[in-house]
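Letters A, B, ... mirror the listed sequences (proteins, then strands); counts begin at 1.
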Amino acid sequence: MAGIDGIDFLQLDMPAILLAVLAAVACAIPGNFLVLRRQSLLGDAISHVVLPGIVIGFLLSGTTSTWPMLLGAGAAAIVAVALIELVRRLSGLESGAVMGIVFTSMFAAGVLILERSEARNVHIDVQHALYGNIEGTVWLEPASIRDLLDPAILATTPGEIARLAVVVLVIAVLVVAFFKELRITTFDPGLAATLGFSPGLVSAGLVLLAALAAVAAFDAVGSILVIAMFVCPPAIARHLTDHLAMQVVLSVVAAVAAALSGYVLAAFVPLWLGYGHAFNVAGAMAVTAGLMLAVVMLFAPRYGWLARRLAGSRSAGVAGSPGTVAD
Amino acid sequence: MDGRGTSGWSTAAVHLLPQGDTPDIPPALEVSGLTVVYDRKPALWDISYRSPTEGLVAIVGPNGAGKSTFLKAVLGLVPRVSGKVELLGEPAGKVRGRIGYVPQRTAVDWSFPTTALDVVAMGLYGRIGWLRPVRRHHLARARRYLADVGMEAFADRQIGQLSGGQQQRVFLARALAQEASVYFMDEPLVGVDAATESVIFDILRRLRRDGRTVFCVHHDLQSVSRHFDHVLILNMRSFAAGPVDRVFTAENLQEAYGGRLAPGELSGLRLSG
Amino acid sequence: MIGELLPILLLQGGYNTTIVCIGAAMLGAASGMAGSFALLRKRAMVSDAISHATLPGVCLGFIAALWFIGAGRSLPFILAGAALSAMAGVVLVDLVRRSDRLGEDSAIAVVLSTFYGLGMVLLSYIQTLPTAGQAGLEGMLLGATAGMLRFEAEMIAIAALVLLVVTILLFKELGLVCFDPEFARAGGWPVRLLDLLIMSLVTGVVVIGLKTVGLVLIVALLVIPPAAALYWSRRLAPMVFTAALIAAAGAYVGAAISASAPDLPTGPVIVLTLAALFVFSLLFAPKRGLVVAMIALVRHRMTIAERQGLLALATRRSVSQPLSRVLLLRRGWMDAAGNATTGGLSQARLVQRDQALWDRYLLDYPEDAFACREWSMRFIEEVLPGDLVAELDRRTVEASLRTGGV
């Protein structure tokens, strides 16, 4: 590990990695259900409307401190989701198109307000919302690995890390607690309704959870990584298992792996190659997540392209399509 | 004119009272004035119907006659413009735990990451209730229901990798797991092989023996008189209803299907009257 | 601001501004048409993946231009790169979608985020290069027409015109694929190729729109106008041309407003103009607009309630629906005690006879009756031809004689 010394790693790299991993996990867990419900683009919509949210949050509070912005972003996410549902019901258009209409309009409004207001003189810019600022996270207090066990030093954990850790915990607890309800409303909303599990209520809860993850994560990692982590880890896991609980667990593993390898790719590889600058970390993580998915789609043991080709040449019946396996 | 509402449809309800019904046991299903509109077009018009207290009821009628819509409207899955629905003598919302529903097979995402056993266990969710997890003994119970339909060997198979008939059996096992008093099944016999068909009819007979009521949207007129006790002929309106031996007549069918049944088709049926 | 806007709208805001406005209008027309085909093919949001997938191409184009001509900020290089990487995105969305494990929505999100992530990595690389002139790339995000070179504005206008012409020439083929792909395939049409063509047109619009509207918002230009146009017509040609008109008007007015004052970025202004047009269409379009639809829905419910109420009166049952009671009372067909008045009784007889005819129609022509929107909604004579009604009347009388009648 030439060029990386221990203290730098502890104070600069470790907080960034921690942040990215937490953000990835926060998004990946609810992402499983969005992917199965064919609502992956909701993550896209939510992460785009975060911008108007933070602009309004700034204009109302007059400060660039974190909480007004997060509240603004959260409010914007809820407004966007409600608008999407409203327009979808009123218009009868397909939900993808409705999301496109709502999030582009809200994003446009956000940019316009930003350009027209004094907010542009302060440090809010569109790129920050899109790209995030993982690299900017530092934690100068720990001087050695042993310090990480020291309560006094742990108390100085950077706000965004602590916040994301809490969010991950909340999401994990809620998804475990409502796992049965999420499963049945996703698989068979009709049956869920007749059994008394309101599919509308559970979906609203799921969307709120996704919004919580997106809002907590965008500030640190940017919109694009949020979109990537909603979809790629669940999509990877979906190729590896037929059990829903296992899929959620594997998606978490995939999220962590994508975040770690993305960081290595962006921050360390250029240095090892003798290039003086690091690359954009969030972007590199999104790319690794996509590449991991590509590998899994090609080589997964059962549902990969290769396995299916081999199975297909052995027998005419292809696994995975209903009605082809005989009694 | 047993069970027939002729030109004066509106009086149908009076005739639909099954014979030998004891007044103190409420019918499994009672519908009055049910009207459902899809996209500003009538799909069901002013349907009044009173079912028996138990037994197997076939719901038949031509394509587009609103059979599935009828089930969904009764279960509150589609909004109704007017009308009253009572299940077991109570408003539908109150007896949810005692109602089982087997939707059409096409309505399901077959690549969903779930096994046959998981699907059957879903039938128990209503009994388990909000927030409480599925425990080992629930799964053991689900496994027994899977055995009832001859599918225990496939418990851990992902549902997309079962044949059409096997999938249907799994959904039937899920319905059994609901331990309901009244079942609504939407075309459970479509696209299944002979083996599965006989399993399904065995299960239906068992449910009848246990005093349950099963409403079954059914497309195969040939098997109605052999397997069902009662019939409801739907044609956007409740065309006729009552015991099979009195209502399932050549004349009724001929008329409900708009003369579209060929004489050959009719002669193959074991009809009454 | 208004004082400055008017001359621009009338094309008197200087040569560059005029070309930008005309170019935006043509871009709009092309996007309205290409977007219509994408929406009708239920692939509207693929444009979101396409637009985000341009970013790595933009960066690679910049790097290539730097390599070959020594200056990165070369629009032809950048747009060529954008087009190539966007088409790669289209192909990948299609490949991911084909595996049955993931839906198209996931395919779009995966391609979008992966490509954009790659673009961000490349951007961060470009930012470390010692060369000046990276500012042009930031403009691709949100669109900036201010400071556009004359040659660039002309190029965009011409490219938009070419796209428009290609779309019009292939109108019939594209329409066929959208309407009935199976039929088109059976008829020997190269459906996959035509699908690819639709996505290529979308890509063309996205690439040209980068400079004007920016890559985040170009999606709006492709999705909003066709969605709005669906409220004005459900027939293919009128719908596509309405979408083109809405998009052209929105883009033209938006570009003009943006040129009239500083701090009005072109993309957002165009998108908000389009959003306003969409909301207007959604609410007030004749026939399909919400206001008209709500009125029709209420009328429909009232028609049903009135008819069912009258039918109850005719058979001396009590009128149970509250809405029916209100309507009958107000018409004077029923008194407060729930009994039919004389006028009510004669009206009830009329409706009862009509219902008997409709029921006979249902029995004798079930499939036609299931498909008939007016079934039991109006008097049968107003809907069906006279000789058919007479025949139904005859059969009804026959049937009631046979069974002993009412």
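In this structure, chain A has a heavy atom under 4.5 Å from the side chain of Tyr231(C), while its backbone stays farther away. Neither the backbone nor the side chain of Ile270(C) has a heavy atom closer than 4.5 Å to any heavy atom of chain A. For Phe278(C), the part sitting under 4.5 Å from any heavy atom of chain A is the side chain, from C-beta outward, and nothing else. Within the 4.5 angstrom heavy-atom criterion, no atom of Arg288(C) approaches chain A. For Leu222(C), no part sits under 4.5 Å from any heavy atom of chain A, backbone or side chain. With a threshold of 4.5 angstrom between heavy atoms, Val102(A) does not approach chain C through any atom at all. Proximity to chain C (any heavy atom under 4.5 Å) is restricted, for Leu293(A), to the side chain, taken from C-beta onward. Looking at Leu39(C), both its backbone and its side chain come within 4.5 Å of chain A, counting heavy atoms on both sides. For Phe103(A), the part lying near chain C is the side chain, with the backbone staying farther off; criterion is any non-hydrogen pair under 4.5 Å. If you measure heavy-atom distances from Leu282(C) to chain A, the contacts under 4.5 Å come from the side chain alone. The contact between Ala284(A) and chain C is made by backbone and side chain atoms together, counting heavy-atom distances below 4.5 Å. Both the backbone and the side chain of Leu90(A) come within less than 4.5 Å of a heavy atom in chain C. For Ala235(A), the parts sitting under 4.5 Å from any heavy atom of chain C are the backbone and the side chain alike. For Val279(C), no part lies under 4.5 angstrom from a heavy atom of chain A.
One finds a salt bridge joining Arg308(A) and Asp100(C) here, because a Lys/Arg side-chain nitrogen approaches an Asp/Glu carboxylate oxygen to under 4.0 Å. Using a 4.0 Å cut-off between charged side-chain N and carboxylate O, Arg43(C) and Glu104(C) make a salt bridge. Ion pairing between Arg101(C) and Asp242(A) holds under the 4.0 Å rule for side-chain N and carboxylate O.
Using a 3.5 Å distance cut-off with no hydrogens or angles, the side chains of Tyr263(A) and Thr288(A) do not pair a donor with an acceptor. For the residue pair Thr266(C) / Ser258(C), a side-chain donor-acceptor distance below 3.5 Å is found, with atom types taken as modelled. Side-chain polar atoms of Arg37(A) and Thr186(A) form a donor-acceptor pair below 3.5 angstrom.
For an aromatic pair to be called close, the ring centres must be under 6.0 Å apart, and Tyr275(A) with His277(A) satisfies this. Ring to ring, His48(A) and Phe107(A) are close: their centroids are under 6.0 angstrom apart.
Across all non-hydrogen atoms, the minimal contact from Asn280(A) to Val121(C) is O-CG2, 3.8 Å.
Contact tally against chain C (heavy-atom pairs below 4.5 Å) for Leu42(A), Leu291(A), Leu34(A), Ile101(A): the top residue is Ile101(A). Chain A forms the most heavy-atom pairs under 4.5 Å with one residue out of Leu290(C), Val219(C), Val269(C), Asp105(C), and that residue is Asp105(C). Interface remark: of the candidates Leu92(C), Leu95(C), Leu274(C), Val223(C), Val223(C) forms the most heavy-atom pairs closer than 4.5 Å to chain A. Chain C forms the most heavy-atom pairs under 4.5 Å with one residue out of Val281(A), Val226(A), Val35(A), and that residue is Val35(A). Chain A forms more heavy-atom pairs under 4.5 Å with one residue of Ala38(C), Ser106(C), Ser47(C) than with any other, namely Ser106(C). Interface summary for chain A: among Ala275(C), Ala293(C), Ala109(C), Ala107(C), the most heavy-atom pairs under 4.5 angstrom belong to Ala109(C).
For the pair Leu240(A)/Arg302(A), no side-chain contact is recorded, criterion being any heavy-atom separation below 4.5 Å from C-beta on.
Heavy atoms from other residues, nucleotides or ligands lying under 6.0 Å from CZ of Phe179(C) number 12 at most.
When each of Thr212(C), Val206(C), Val213(C) is checked for a side chain to side chain contact (heavy atoms under 4.5 Å, CB included) with Leu221(C), only Val213(C) meets the rule.
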